Enquirer: 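This is the structure I have questions about; it appears just below.
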2 protein chains.
Amino acid sequence: MARASEARKETRIQREKREVILKAALAEFAKNGFRGTTIDAIAAGAGLSKPNLLYYFSSKEEIYRALLCQLLDTWLEPLFRLDPEGDPIAEITGYVRRKLEMARDYPAESRLFANEILRGAPRLKDMLEGPLKEIVDREAAVIGRWAEEGRIAPVDPHHLIFSIWATTQHYADFDVQVRAVLGPDRSATRFADAEAHLVTLFERVLRRTDGNGKPPEDS
Amino acid sequence: MARASEARKETRIQREKREVILKAALAEFAKNGFRGTTIDAIAAGAGLSKPNLLYYFSSKEEIYRALLCQLLDTWLEPLFRLDPEGDPIAEITGYVRRKLEMARDYPAESRLFANEILRGAPRLKDMLEGPLKEIVDREAAVIGRWAEEGRIAPVDPHHLIFSIWATTQHYADFDVQVRAVLGPDRSATRFADAEAHLVTLFERVLRRTDGNGKPPEDS
DNA sequence: GTCTATATATGGATAGAC
DNA sequence: GTCTATCCATATATAGAC
């Protein structure tokens, strides 16, 4: 009993330390990429000595892979489940909003992902070609059906999804540029402005206009 | 005379070698970022020994800065000069097309830029806050005037520009992901499909629809 | 579990022969 | 101009004391 409890406590502490390390590592990897990041920098960020850090993770590679796994869970999974029965434009703009919120609230995660993709995704290629492609194909099919049924304007579903990803992630990945171009004043409201802009943008793209702007008679 | 000619020849050879080095360096830096790139790798790509390379550029930093300068010239400068007198939608979709062509024809340049921005743009911040902001503000003003005059639908010009940048550069920076998601068959036509998609997208966004979809009476 | 010290490797840059 | 050899700094990872 005492032994089991002790073991459990150790594991909890270990998990907490690992959390701290992963958090520090995320900041470093997001900024400097895999090769540009040093264990020293991660250790400093986590308030540990280098050998101590290596007590919890046996190598830099292991930290990085742990981060990528964590990323795929908390980043990709909760993403879009478009409700085929819902209002198409509301479903899609809702997805846009959620993606933009993630760019705002988890910019480091977005940059880590961007870094890995920029490098040719050596550790994620299987995941992209397998699970990700399946999810995207499934959601693209929903969008495609909406278009066929005339509930939204005709659109290439896959490229529409790329446009949503690109426009929203831009505010995380290119944040420095966005702020530089907007200037100090407008930077403060950049995410609110981006949301208004992007929701309007995709509404206009998807709204049916069969020549007179009125909603179609079917449905 | 002979001396001058000889000196000229030497400079030409030097320039050519520097070109070869820069080309190899571009590929490496675009893929691995500044810190992730080694002089060895650049030298190998250029077919030179490491010390020989360092005869032409005195440091890795110098190669990188030369690349960034070259980038700003050939990448940013020829970009948009929207003609205020032209057709607004044609002007903007033309810009979209040119940006997409650059993503297709110069993906390494796009990724190099993306890498630098992702890292917080330590070497480009002044340029972003100065010259780039000025260009963007100028073009944004043109777009803003078009909107005021009712020649396009109301839109936030700065965020519209971000959307154009994001959607077009996506096809260079996230190429691996795009190809993975599209699959082998559709990947072959990804740039043609992207062009059709994006031109339609921005046309829909900018087209005035004052409730009946017909063009306004003014102009 | 955490530290100091260190083995080992890699990478930027230079010296100096040719 | 180009090479070999090398210096030196940095970085990963381990050994071993506490």
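Below, all heavy atoms of this structure are taken into account, side chains as well, without hydrogens, waters or symmetry copies. Not measured: the values here are computed from a predicted model.
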Enquirer: Can a salt bridge be assigned to the pair A:D40 and A:K50 using a cut-off of 4.0 Å between side-chain N and carboxylate O?
Expert: yes
Enquirer: Could you tell me if the ring centre of A:F202 sits under 6.0 Å from that of A:H197?
Expert: no
Enquirer: Counting only side-chain nitrogens and oxygens, does A:Y55 get under 4.0 Å of the OP1 or OP2 atom of C:dT2?
Expert: no
Enquirer: Side chain of A:K60: nearest nucleotide among C:dT4, C:dA13, D:dT12?
Expert: D:dT12
Enquirer: Could B:R123 and B:F34 be counted as a cation-pi pair, given that NZ or CZ must be under 6.0 Å from the ring centre and within 45° of the axis?
Expert: yes
Enquirer: I want to check one thing: is the phosphate of D:dC3, taken as OP1 and OP2, less than 4.0 Å away from some side-chain N or O of B:N52?
Expert: yes
Enquirer: Looking at C:dT2, I'd like to know if its phosphate oxygens (OP1 or OP2) sit under 4.0 Å from a side-chain N or O belonging to A:Y56.
Expert: yes
Enquirer: Rounding to a whole Å, what distance do you find between A:L54:CG and C:dG1:P?
Expert: 16 Å
Enquirer: Within the pair B:R35 and D:dA11, is there a side-chain N or O less than 4.0 Å away from OP1 or OP2?
Expert: yes
Enquirer: Could you tell me how far apart A:I42 (CD1) and D:dT12 (C1') are, to the nearest whole angstrom?
Expert: 11 Å
Enquirer: Could you give the CG-to-P distance, from A:D40 to C:dA9, as a whole number of Å?
Expert: 19 Å
Enquirer: When the ring planes of A:F174 and A:H170 are compared, do they come out parallel, tilted or perpendicular, using 30° and 60° as the limits?
Expert: parallel
Enquirer: Send over the distance from B:I63 CD1 to C:dA13 P, rounded to a whole Å.
Expert: 9 Å
Enquirer: Report yes or no: is there a donor-acceptor pair, N or O only, under 3.5 Å between the side chain of B:K50 and the base of C:dG11?
Expert: no
Enquirer: How long is the line joining CG of B:L53 and C1' of C:dT14, in whole Å?
Expert: 14 Å
Enquirer: Counting only side-chain heavy atoms from C-beta out, which of D:dA13, D:dT2, C:dG1 sits nearest to A:Q14?
Expert: C:dG1
Enquirer: Could you state the CD1-P distance from B:I21 to D:dG1, rounded to the nearest angstrom?
Expert: 12 Å
Enquirer: Does NZ or CZ of B:R18 lie under 6.0 Å from the centre of the six-membered ring of B:F57, at an angle within 45° of the ring axis?
Expert: yes
Enquirer: Please state how far atom CZ in A:F34 lies from atom C1' in D:dT12, giving the value in whole angstrom units.
Expert: 10 Å
Enquirer: From C-beta outward on B:I39, which listed nucleotide comes closest to its side chain: C:dA13, D:dT2, D:dT12?
Expert: C:dA13
Enquirer: A:E62 CD to D:dT12 C1': how many Å, rounded?
Expert: 14 Å
Enquirer: Does A:S49 put a side-chain nitrogen or oxygen below 4.0 Å from OP1 or OP2 of C:dT2?
Expert: no
